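In what follows, a single structure is set out as structure tokens and then discussed.
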There are 2 protein chains.
Amino acid sequence: MESIVSKVLDKVDIQILDILQKQAHVSNAEIARRVNLSSPAVHTRIKRLENEGYINRQVAILNPEKLGFDLLCFVFISSNIHHAEKLDILEEAFRQMPEVLECHCLTGEYDYLLKVANKDRKDLQSFIRKLNKLGITKIQTSLGLREIKYSNVLPILDEEIE
Amino acid sequence: MESIVSKVLDKVDIQILDILQKQAHVSNAEIARRVNLSSPAVHTRIKRLENEGYINRQVAILNPEKLGFDLLCFVFISSNIHHAEKLDILEEAFRQMPEVLECHCLTGEYDYLLKVANKDRKDLQSFIRKLNKLGITKIQTSLGLREIKYSNVLPILDEEIE
DNA sequence: GCTGAAAGTATAAATTC
DNA sequence: GAATTTATACTTTCAGC
């Protein structure tokens with residue numbers, strides 16, 4: 001059975017995407033060597049992959065501890081709001097808050113899961129206050145004690161899936 | 001009150017880090033223009049920031065939906081294991097699983113929070129089976145219904161903190 | 001897709017502040 | 001000590017095939 005992906009992306013595209021999602025700064029010449037292609041061919045493919053939306057963005061992952069972000073929290077929110085427009089406003093507020101790194105709408109007991117980076121307890125408190133001002137009252141906050149794994153790498157290589 | 005950060009990083013370093021954590025592919029010349037410095041000066045600073053561990057890595061963020069990862073899950077785990085060595089083995093197993101994007105040790109009801117990318121229900125089931133084989137029985141899985149925000153950007157610019 | 005050349009970029013060296 | 005300018009190597013990008 002062929003997956004949807006293989007209809008538009010060939011094996012080389014997948015290889016290129018996998019190299020880039022692990023190390024974005026690898027040169028086209030080096031990628032070309034690894035996938036047995038010329039460097040202009042690799043360049044053309046990367047541009048195509050960007051234009052077609054397979055690559056969202058290229059970023060540097062900073063070290064949170066070295067930059068003073070000692071307090072990573074996971075905040076579980078029940079909104080109790082069921083008016084679509086008000087939910088839009090709430091979600092836009094989450095997007096605008098710089099300390100909110102991630103926000104997901106979830107199934108289960110809580111409606112939203114937020115990943116929040118704060119420098120200290122004072123910052124965390126002011127963040128919780130912001131949530132309260134938005135009318136959010138049912139909040140459960142879990143502190144991140146230790147990061148076991150933090151990756152952006154999607155398992156797109158077939159070999160990786162057992 | 002001066003923060004610990006400002007003793008080793010000046011304002012320009014922070015500006016450079018902020019540009020890179022948002023767009024890693026910006027050229028040194030363009031960064032130089034934005035921070036009013038020459039491009040070799042920017043280059044030297046970036047190398048220093050890398051060597052001193054402020055920049056962990058540079059990566060391309062791929063589009064999970066376009067690559068067939070329709071099933072993002074958050075898995076909450078209570079290990080019931082209190083033997084340090086066995087926990088190490090468990091955590092190493094999480095690190096090795098390609099579908100586990102993130103794993104955090106948490107305070108609260110559950111010991112671990114995992115962010116897991118699967119293509120479909122079949123993959124999710126085989127993932128849950130892998131957890132069971134590791135001796136994990138208390139699992140609560142929440143499905144990610146919608147991504148409201150997904151960012152790596154730490155709020156390191158003073159202007160961003162209200 | 002390739003080769004090869006042009007334009008742009010990163011890095012090193014020498015120099016100034 | 002950290003910046004700048006100048007010089008060189010490397011990379012990307014655009015032709016022509």
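Below, read A as the first sequence line, B as the second, and so on, with proteins coming before strands; counting in each chain starts at 1. Quick caveat: nothing in here was measured; it's all calculated off a predicted structure.
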Please report, rounded to the nearest Å, how far the [atom2] atom of [N] is from the [atom1] atom of [X].
X: B/Lys47; N: C/dT11; atom1: NZ; atom2: C1'; answer: 9 Å
X: B/Glu50; N: C/dA10; atom1: CD; atom2: C1'; answer: 12 Å
X: A/Arg48; N: D/dT12; atom1: CZ; atom2: C1'; answer: 18 Å
X: B/Leu37; N: D/dT4; atom1: CG; atom2: C1'; answer: 10 Å
X: B/Ile46; N: C/dT9; atom1: CD1; atom2: P; answer: 14 Å
X: B/Asp13; N: D/dA2; atom1: CG; atom2: P; answer: 10 Å
X: A/His43; N: C/dG1; atom1: NE2; atom2: P; answer: 13 Å
X: A/Asn28; N: C/dG4; atom1: CG; atom2: C1'; answer: 16 Å

Assess whether a salt bridge exists between [X] and [Y], defined as any Lys/Arg side-chain N lying under 4.0 Å from an Asp/Glu carboxylate O.
X: B/Glu91; Y: A/Lys149; value: no
X: B/Glu102; Y: A/Lys115; value: yes
X: A/Asp13; Y: A/Arg48; value: yes

What contact category does B/Ser38 fall into here, base, sugar-phosphate, or nothing, at under 4.0 angstrom with non-hydrogen atoms?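 Base contact.
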* Name the nucleic acid region contacted by B/Ser39, choosing base, sugar-phosphate or nothing; use a 4.0 angstrom heavy-atom cut-off, strictly under. =>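 Since a base atom lies under 4.0 Å of B/Ser39, the category is base.
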Nearest to side-chain heavy atoms of A/Ala41, which nucleotide of C/dG4, C/dA10, C/dG1: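 Among C/dG4, C/dA10, C/dG1, the one nearest the side chain of A/Ala41 is C/dG1.
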Item to check | Out of D/dC14, C/dA12, D/dT12, whichever nucleotide has its closest atom nearest the side chain of A/Pro40 | outcome: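 Between D/dC14, C/dA12, D/dT12, the one nearest the side chain of A/Pro40 would be D/dC14.
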Checklist line | N or O in side chain of B/Arg45 less than 4.0 angstrom from D/dA3 OP1/OP2 | finding: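 The answer is yes; a side-chain N or O of B/Arg45 sits under 4.0 Å from OP1 or OP2.
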- Just one of A/Phe74, A/Phe94, A/Phe76 clears the ring-ring contact (aromatic ring centres under 6.0 Å, His included) bar with A/Tyr112, so which one?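 It is A/Phe94, the one option of A/Phe74, A/Phe94, A/Phe76 that forms the ring-ring contact (aromatic ring centres under 6.0 Å, His included) with A/Tyr112.
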